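Remarks on the structure that follows.
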Amino acid sequence: MNIQEALAQKVKEAVTSIFKVELPTVEFQPTRKDFAGDITAVIFPMLRYVKGNPVQIGGQIGQFLKDEVEEVTDFNVVKGFLNITISNEYYLDFFEGIRNQQDFGFVSQSSEEAIMVEYSSPNTNKPLHLGHVRNNLLGYSVAEILKASGKKVYKTQIINDRGIHICKSMLAWQRFGNGETPESTGLKGDKLVGNYYVAFDKAYKAEIAAMVSNGVDEKVAEKEAPILLEAQEMLRKWEAGDEEVVGLWKTMNQWVYDGFEITYKNMGVDFDQLYYESNTYLLGKDFVEDGLQRGVFYKKEDGSVWIDLTEEGLDEKIVLRSDGTAVYMTQDIGTAIQRVKDNPDVKGMVYTVGNEQDYHFKVLFLILQKLGFSWAEKLYHLSYGMVDLPSGKMKSREGTVVDADELMEDMTQTAAAISEELGKLEDYSEEEKQELYKVIGLGALKYYILKVDPKKRILFNPEESVDFQGNTGPFIQYTYARIQSILRKAEELEQDLDSSQKLTDLHEKEKELLKQLQLFPETIQLAADNYSPALIANYTYDLVKEFNSFYQNVSILGEQDQNKKIFRVQLAKKVSEVIKSAFGLLGIQVPDRM
RNA sequence: GGUGGCAUAGCUCAGCUGGAUAGAGCACCUGCCUUCUAAGCAGGCGGUCCUAGGUUCGAAUCCUAGUGCCAUCACCA
């Protein structure tokens, strides 16, 4: 039982004893910094049960607590707020309890029930861009947070490897490629394929322009441009299993996968299972048929199959075309079911997909529920806001995207420039330096994106570089590095850093740090419940800010009293461990020096 | 037009189930490096919490209406 629960119990006892009434709940909040105390009980809500003056009531309860509760050493009442001071012993005991707990804050896996987290899921016709970066970072982080909260997690993605988009790149490569390969050009495979996607669009636009100048209506030209018709023909050939087309498709997709692998590795994300649309796009039809039998769906006269969701406040939605082919929804139904078949322990899924698809997922989840799958009750669309540029939306075809590889490289460069200027790493080898710059640059980028509430839109201005000061990744990494420096020095000085010392007094800054450490476990839980890495980021920032204040105001290694000195080193160490754990949940590494 | 999301300091963002004088960072201004890393610390400046009603002892937070921005509503993905 934590101190707050214990106090709630005691406050109820106090009210029963003094005022002879039962209090259902007690409301607490952390005491504001400008008042004395650690925890504050709010008196106002009690006035419904206890008639009287809030200050007087607060005073009586406060006195009761001080007399009856060992941990309560003092109190004061301001307006309707009872500020309670908790003893140093309580906080010191708490610290002693977590000091050697390696996985402090983490819950060990509590059941065999698994949850599947899908993220990334790119198309294979172009490189990853900033929008994918947000998706990847969010999905990865939420998966890690869920694990830390005690869930068994599978990370997965569905790779959109088939369809008209990849045919466009293939066709353009056939026409204009002159047999280029990643090897012959030295380009990353995804970049090469992406170039042909752009080339297709250029040729397509040129054809439209030519047709329009010959008097063809623009709408008609957009639909009948020869190159587009040819791409559509190619897709039909692919579906028919045409050897040449399928061969080219395999080759070009492999180029893309090789390129993606490098990007994922640099980004530091990974997957437990991969699903390919080319394997799943035919799935789902049987279940539509089954649902049709059971009256979940209905058939229109032309043979197309629909679901009526007007009772749920949505529209009618098609689930199978009149020619019997699958639409996206059909496929998503099939894929979800397939995943549970492959992994019977999966009892829920998280889909990391942009908020432009909110409607799609509402419908998908409803359909799966109506089909009667038990796990359909535990599907969650991790919907996030778009990443926009000052110029508006990013568009691959128009080349207005922020490329993921370039962005990461730029961040590394910036980190290098700042580090060189500060010049604290003269004795590092070139290799060590490069490794470090990457850690810092990526830390800045990841933190910048993850600290924002997922559902909010991010406006990214490439002209203004991501900050390295203030509420940033490098600031937090810097604090970690500082603590490591202290620990290295302390090792040299002390023999018995692990001894547990009996202290009685605590510096105000030490107490604040301990309070902040205490919040870590519940923060992980909250972040898991809300699928929000931003909560972890904000917590870590608060912890680090508190530590820096402590660091700058209180001497650690310079402390004369041995016991205090050892305690402070241990406290600093614990703070650095929590920073590392928390950043691990965000997929951010921490450096020993910087 | 229907539906959903968002709106807090010049800029970027916090603000948990309603609670004290709405908090950080950047930018701007003052101090602090012969003692543990100044990517730091201490402080200053800066707000009609989009607007108007309502619920409440109490509203940035909940409800209603409106305004603005974004998304979505296809036998597209």
Side-chain angles (χ1 to χ4, degrees), chain A residues 25 27 29-32 34-35 40 42-45 47-48 54 78-81 83 123 160 163-165 277 300 302-306 313-329 331 354-360 362 383 385-386 388 393 415 418-419 421-422 424-425 440 444 448 451-453 455-459 461 464 466-479 481-490 493 519 522-523 526 529-530 534-535 537-538 541-542 544-545 548-559 568-569 572 593-594:
Chain A
T25 55
E27 209 176 302
Q29 56 183 288
T31 304
R32 290 177 70 107
D34 14 316
F35 300 98
T40 295
V42 189
I43 304 300
F44 295 112
L47 298 180
R48 290 173 53 186
V78 181
K79 293 195 238 174
F81 299 92
N83 302 320
N123 290 348
N160 299 302
I164 190 71
H165 48 85
E277 192 189 350
K300 284 195 177 172
D302 60 6
S304 57
V305 180
W306 297 71
L314 304 175
D315 296 319
E316 298 180 342
K317 190 84 187 172
I318 188 160
V319 293
L320 203 62
R321 291 194 186 100
S322 53
D323 62 4
T325 56
V327 292
Y328 227 129
M329 192 63 77
Q331 177 191 148
N355 63 12
E356 55 198 352
Q357 296 199 40
D358 284 357
Y359 185 75
H360 175 80
K362 254 184 208 165
S383 164
M386 296 290 102
D388 292 328
K393 268 191 110 149
I418 294 173
S419 295
E421 199 182 319
L422 293 172
K424 298 179 187 174
L425 304 157
I440 299 171
Y448 177 82
K451 76 170 179 184
V452 182
D453 185 335
K455 69 187 168 197
K456 288 194 175 168
R457 181 181 90 112
I458 290 182
L459 188 71
N461 189 346
E464 297 168 17
V466 173
D467 278 328
F468 282 66
Q469 284 174 1
N471 187 358
T472 67
F475 166 68
I476 292 166
Q477 290 172 321
Y478 175 70
T479 303
R482 264 179 161 179
I483 296 174
Q484 298 316 301
S485 174
I486 288 178
L487 296 181
R488 282 191 296 270
K489 292 207 164 97
L493 297 173
L519 295 176
E522 56 196 82
T523 301
L526 197 63
D529 293 344
N530 291 289
L535 297 176
N538 288 324
Y541 177 63
D542 288 340
V544 161
K545 212 150 49 87
N548 277 320
S549 179
F550 164 68
Y551 175 90
Q552 216 98 30
N553 288 292
V554 181
S555 185
I556 298 172
L557 296 176
E559 171 60 45
R568 284 175 190 169
V569 171
R593 288 176 52 186
M594 69 185 274

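In this text the structure is predicted, and so the values were computed from the model without any measurement. No hydrogens, no waters, no symmetry mates; every other heavy atom, side chains included, goes into these values. Reminder, nothing fancy here: chain letters follow the sequence lines and each chain counts from 1.
Taking atom CH2 on A/Trp306 and atom P on B/rC73, their separation rounds to 12 Å, with Å as the unit. One interatomic measurement links the two molecules: CD of A/Glu27 to C1' of B/rG19, which rounds to 7 Å at whole-angstrom precision. A/Asn538 has its CG atom 16 Å from the P atom of B/rG23, to the nearest Å. If you measure from atom CE of A/Met594 to atom C1' of B/rC36, you get 17 Å, rounded to the nearest angstrom.
Summarising the geometry of A/Arg568 relative to A/Ser555, their closest heavy-atom pair is NH1-O, 2.9 Å, with the distance given to 0.1 Å. Of all the heavy atoms in A/Trp306 and A/Ile318, the pair that sits closest is CE3-N, 3.4 Å. Heavy-atom minimum distance, A/Asn83 versus A/Val78: ND2-CG2, 3.9 Å. A/Gln477 approaches A/Ile440 most closely through the heavy-atom pair OE1-CA, 3.5 Å. For A/Met386 against A/Gly354, the heavy-atom pair with the smallest separation is CE-CA, 3.7 Å.
Neither OP1 nor OP2 of B/rC36 sits under 4.0 Å from any side-chain N or O of A/Ser485. The side chain of A/Arg488 places no N or O atom within less than 4.0 Å of a non-bridging phosphate oxygen (OP1 or OP2) of B/rC36. Applying the 4.0 Å criterion to OP1 and OP2 of B/rC76, one finds that A/Arg321 has a side-chain N or O inside that range. Here A/Tyr359 does not reach the OP1 or OP2 of B/rU72: none of its side-chain N or O atoms lies under 4.0 Å away. An OP1 or OP2 oxygen of B/rA39 is reached within less than 4.0 angstrom by a side-chain nitrogen or oxygen of A/Lys424. Between A/Arg32 and B/rG23, a side-chain N or O to OP1/OP2 separation shorter than 4.0 Å is present. The side chain of A/Arg457 places no N or O atom within less than 4.0 Å of a non-bridging phosphate oxygen (OP1 or OP2) of B/rC70.
Here A/Phe44 does not count as stacked on B/rG58, because the ring centres are not under 5.5 angstrom apart with planes under 30°. In this structure, the aromatic ring of A/Phe81 is positioned over the six-membered ring of the base of B/rA20, centres within 5.5 Å and planes within 30°.
B/rC28 and B/rU37 are spaced 27 Å apart, taking the C1' atom of each and rounding to whole Å. Across B/rG66 and B/rA27, the matching C1' atoms stand 35 Å from one another, rounded to whole Å. For the P atoms, the distance linking B/rG68 with B/rU30 amounts to 43 Å, nearest Å. B/rG58 and B/rA20 have their P atoms separated by 14 Å, with the value rounded to a whole Å. Atom P of B/rU51 sits at a distance of 15 Å from the matching atom of B/rA59, rounded to the whole Å. Of the C1' atoms belonging to B/rG23 and B/rU61, the separation is 15 Å, rounded to the nearest Å. Comparing B/rC62 with B/rG4, their P atoms are spaced 15 Å from each other, to the whole Å. Here, B/rA77 and B/rU72 have their P atoms 15 Å apart, quoted to the whole Å.
The base of B/rA39 lies outside donor-acceptor range of the side chain of A/Asp467, with no N or O pair under 3.5 Å. Put simply, the side chain of A/Thr472 and the base of B/rA39 share no donor and acceptor less than 3.5 Å apart. A donor-acceptor contact under 3.5 angstrom links the side-chain atoms of A/Thr40 to the base of B/rA20.
Residue contacts shown for A/Gln29 include a base, since a base heavy atom lies under 4.0 Å away. Looking at heavy-atom distances under 4.0 Å, A/Leu314 makes no contact with the nucleic acid at all. Within 4.0 Å (heavy atoms only), A/Arg593 reaches at least one base atom of the nucleic acid. Backbone-only engagement by A/Tyr541 is indicated by non-hydrogen atom pairs under 4.0 Å involving sugar-phosphate atoms exclusively. Across all strands, A/Asp388 comes closer than 4.0 Å to no nucleic acid atom at all (heavy-atom distances). When heavy atoms are screened at a 4.0 angstrom cut-off, A/Ser549 is found touching the sugar-phosphate backbone but no base atom. A/Ile556 comes within 4.0 angstrom of a nucleotide base, judged by non-hydrogen atoms across all strands. Contact annotation for A/Lys79: backbone-only contact, meaning every heavy-atom pair under 4.0 Å involves sugar-phosphate atoms and none involves a base. At the heavy-atom level, A/Val466 lies nowhere under 4.0 Å from the strands shown. Counting non-hydrogen atoms under 4.0 angstrom, A/Asn83 reaches a base of the nucleic acid. A/Glu522 comes within 4.0 angstrom of no nucleic acid atom, judged by non-hydrogen atoms across all strands. Using a 4.0 Å heavy-atom criterion, one finds that A/Thr325 contacts no nucleic acid atom at all. Nucleic acid contact class of A/Met386 (heavy atoms, under 4.0 Å, all strands): none. Counting non-hydrogen atoms under 4.0 angstrom, A/Ala481 reaches a base of the nucleic acid.
When each of B/rG4, B/rG19, B/rC76 is scored by its nearest atom to the side-chain atoms of A/Pro45, the top-ranked nucleotide is B/rG19. Counting only heavy atoms from C-beta on, A/Lys545 has its side chain closest to B/rC41 among B/rC16, B/rA20, B/rC41. When distances run from any side-chain atom of A/Val78 to the nucleotides B/rA20, B/rG25, B/rC41, the shortest one goes to B/rA20. Between B/rA42, B/rA77, B/rA39, one nucleotide has an atom nearer to the side chain of A/Asn553 than all others, and that is B/rA42. Which of B/rA71, B/rG25, B/rU21 sits closest to the side chain of A/Lys393 comes down to B/rA71. For A/Leu422, counting side-chain heavy atoms from C-beta on, the closest listed nucleotide (B/rU37, B/rA39, B/rG19) is B/rA39. Checking B/rG25, B/rA71, B/rA20 against the side-chain heavy atoms of A/Asn471 singles out B/rG25 as nearest. Checking B/rA14, B/rA20, B/rG5 against the side-chain heavy atoms of A/Lys455 singles out B/rG5 as nearest. Distance from the side chain of A/Lys489 is smallest for B/rU37 among the nucleotides B/rC41, B/rU21, B/rU37. For A/Tyr328, the listed nucleotide lying nearest its side chain is B/rA77; candidates were B/rG40, B/rG19, B/rA77.
In this structure, the separation between CZ on A/Phe468 and OH on A/Tyr478 is 15.0 Å, given to the nearest 0.5 Å. Separating the CD1 atom in A/Ile476 from the NZ atom in A/Lys545 is a distance of 11.0 Å, to the nearest 0.5 Å.
Between the side chains of A/Thr479 and A/Asn548, at least one donor N or O sits under 3.5 Å from an acceptor N or O.
Within 6.0 Å of atom CZ in A/Arg488, more than 12 heavy atoms from other residues, nucleotides or ligands are found, so the atom counts as buried in its surroundings.
Taking for each of A/Gln357 and A/Val544 the nucleotide of RNA chain B with the nearest heavy atom, the 5'-most of the two is the partner of A/Val544. Mapped onto RNA chain B by nearest heavy atom, A/Lys300 and A/Lys456 fall at different nucleotides, with A/Lys456 at the one closer to the 5' end.
Nucleotide B/rA42 is matched to B/rU30 when pairs are restricted to Watson-Crick or G-U wobble geometry with both distances under 3.5 angstrom.
Base orientation of B/rC33: syn, the glycosidic angle falling within 90° of 0.
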